[in-house]
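Below is one structure, written out as structure tokens, with a few remarks after it.
We count ligands from 1, going down the list as the structure has it; atoms in each ligand are counted the same way. All residue numbers in this chain count up from 1 along the given sequence.
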Amino acid sequence: MAAVPNSSEFPIIRPRRLRRTAALRRLVAETRVHPSDLVLPLFVKEGLTEPAAISSMPGVYQHTVDSVRKLAVEAAQAGIGGLMPFGIPAVRDAVGSGATDPNGILNRTTRAIREEIGDDLVVIPDLCLDEFTDHGHCGVLREDGTVDNDATLVRYAEMGRCLAEAGADLLGASGMMDGQIGYVRAALDESGHTDTGLLAYAAKYASAFYGPFRDAVDSQLKGDRRTYQQDGPNATEALLEIDLDIEQGADIVMVKPALPYLDIVRAAAERSPVPVAAYHISGEYAQIVAAAEKGWIDKDAAILESLTSIKRAGAGIIATYTALEAAALLR
Ligand code: PBG
């Protein structure tokens, strides 16, 4: 056996010392996810009498307004940060009329959540038309079938005012139309909703991982959203999108999806003067749950590792379908 060198000849640095016990590892952990960092997206469907399971998102449901009330109370008790409701209307049309009906499903749900939990959670309804249109696009269409950016802004402004009146704290502007943050900000201010904030889906990529979400909202979309959502190979345009949204008055900027775009999360954190969020989306959730169902990965550990990585990359706020489970694990 070779002789062990003495320390004067071999001043070895031993990083493993700080990994030896769980207590040491806990003491030196640089990143901690807290339940209050987490925002739970949820689905509510008009006309349902019982919550309905979503087959590609085991553990996630399409809710009734009543079951959302219970979920909101549970979320407040779990100490998470907020809720992000998405509405699924019974009737859809070309301009998404249900989005601007004060009794439409998302407006009603927003009011119900607010009634149930007061200011205990941040309520962030989705500000986008795709759930409400019969063609499934995030905006209104021109005759040739392309999405009309500026006509869509007018609809977003109206929808934003309705959601503000229903009691939203922040609006999740997810449509990726140019100018949407500035346009909606001005409309909110003109109608006296100066305290309603905007969470800008600033860098939202056209992603294959949205698949399960489209089941969750009974999406009518044929084709794709590649003319408005960002293209995966590009990072520079994400920086432009983030800067534009900040200039236009975004209160929070978000990157979406999360794990495949952690470089963008990091870049956003480095340049943004406003808080940065990331959306751990449906397909990211489904991958964990499906692999865990097969016994291929440890679900709890995979959830915590995913959320920790997203936070380590620079997102202080994480939208995730795992919010309640994660909050329980973190306690
Ligand atoms: C559309 C919207 C999408 C998601 C949130 N808002 C999907 C899409 O762009 O098709 C996806 C969320 C998820 O996958 O969890 N306004």
Side-chain angles (χ1 to χ4, degrees), residues 38-44 54-62 82-89 92 96 98-99 105-106 124-141 147 149 152-153 155-156 159-160 163 170-177 180-181 184 198-232 241 252-261 277-290 303 306-307 310 315 317-323:
L38 307 177
V39 173
L40 178 68
L42 63 91
F43 305 101
V44 59
I54 301 161
S55 62
S56 52
M57 299 179 75
V60 180
Y61 295 83
Q62 291 178 327
L83 295 176
M84 253 167 59
F86 292 86
I88 307 148
R92 297 169 147 125
I105 185 66
L106 189 56
I124 317 170
D126 189 51
L127 172 59
C128 191
L129 292 176
D130 61 310
E131 281 85 57
F132 294 92
T133 54
D134 54 10
H135 44 72
H137 274 294
C138 293
V140 295
L141 305 184
V147 176
N149 190 92
T152 299
L153 297 184
R155 296 289 297 138
Y156 285 177
M159 183 176 185
L163 289 169
L170 301 168
L171 305 176
S174 67
M176 287 302 284
M177 294 300 129
Q180 63 183 15
I181 296 302
V184 173
L198 292 173
L199 183 159
Y201 286 55
K204 177 177 181 184
Y205 284 87
S207 173
F209 296 101
Y210 297 148
F213 177 92
R214 302 210 179 145
D215 292 340
V217 299
D218 304 337
S219 175
Q220 305 297 301
L221 185 70
K222 307 222 165 45
D224 59 51
R225 306 193 198 285
R226 291 190 172 276
T227 68
Y228 43 106
Q229 297 180 349
Q230 286 174 241
D231 212 18
E241 290 280 7
I252 298 174
V253 290
M254 188 155 76
V255 175
K256 176 184 178 183
L259 292 177
Y261 297 92
Y279 196 148
H280 180 241
I281 62 162
S282 60
E284 300 179 71
Y285 173 82
Q287 288 180 84
I288 293 176
V289 178
I303 288 173
S306 298
L307 300 179
I310 296 164
I317 301 164
I318 307 171
T320 175
Y321 302 95
T322 69

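Closest to atom 8 (C) of ligand 1, if we only count protein heavy atoms, is R225 NE, 3.3 Å. Looking only at heavy atoms of the protein, atom 12 (C) of ligand 1 is closest to F213 CD1, 3.3 Å. In this structure, the protein non-hydrogen atom closest to atom 2 (C) of ligand 1 is K204 NZ, 3.2 Å.
In this structure a side-chain-to-backbone donor-acceptor pair under 3.5 Å is present from S282 to F209. Remark: the backbone N or O of P212 is not paired with any side-chain donor or acceptor of Y285 at under 3.5 angstrom. A distance-only check finds a donor-acceptor pair linking the side chain of E284 to the backbone of L259 [under 3.5 Å].
For D130, the salt bridge (charged side-chain N to carboxylate O under 4.0 Å, His left out) partners two or more places apart in sequence, or in a different chain, are R225. Listed by chain and residue number, nothing satisfies the salt bridge (charged side-chain N to carboxylate O under 4.0 Å, His left out) test with R92 (two or more places apart in sequence, or in another chain).
By the criterion of a heavy-atom distance under 4.0 Å, neither the backbone nor the side chain of Y285 is placed next to ligand 1. Both the backbone and the side chain of S282 come within 4.0 Å of ligand 1, counting heavy atoms alone.
At least one heavy atom of Q229 sits less than 4.0 Å from an atom of ligand 1.
Below 4.0 Å from some heavy atom of K256 lie the following atoms of ligand 1, by number and element: 2 (C), 3 (C), 4 (C), 5 (C), 6 (N), 11 (C), 12 (C). For ligand 1 and Y321, the ligand atoms under 4.0 Å from any heavy atom of the residue are 12 (C), 13 (C), 15 (O). Those atoms of ligand 1 that come under 4.0 Å of a heavy atom in D130, given as number and element, are 1 (C), 16 (N). Counting the atoms of ligand 1 from 1 in the order shown, those under 4.0 Å from a heavy atom of F86 are 5 (C), 6 (N). The atoms of ligand 1 that sit less than 4.0 Å from any heavy atom of C128 are 16 (N). With ligand atoms numbered from 1 in the order given, ligand 1 contributes 12 (C), 15 (O) to contacts under 4.0 Å with heavy atoms of Y279.
With Y210 as the aromatic partner, K204 meets the cation-pi criteria of under 6.0 angstrom to the ring centre and within 45 degrees of the ring axis.
Under the 30°/60° scheme for interplanar angles, the aromatic rings of F43 and Y321 are found to lie parallel. The aromatic rings of F213 and F86 sit perpendicular to each other, their planes meeting at more than 60°, with 30° as the lower class boundary.
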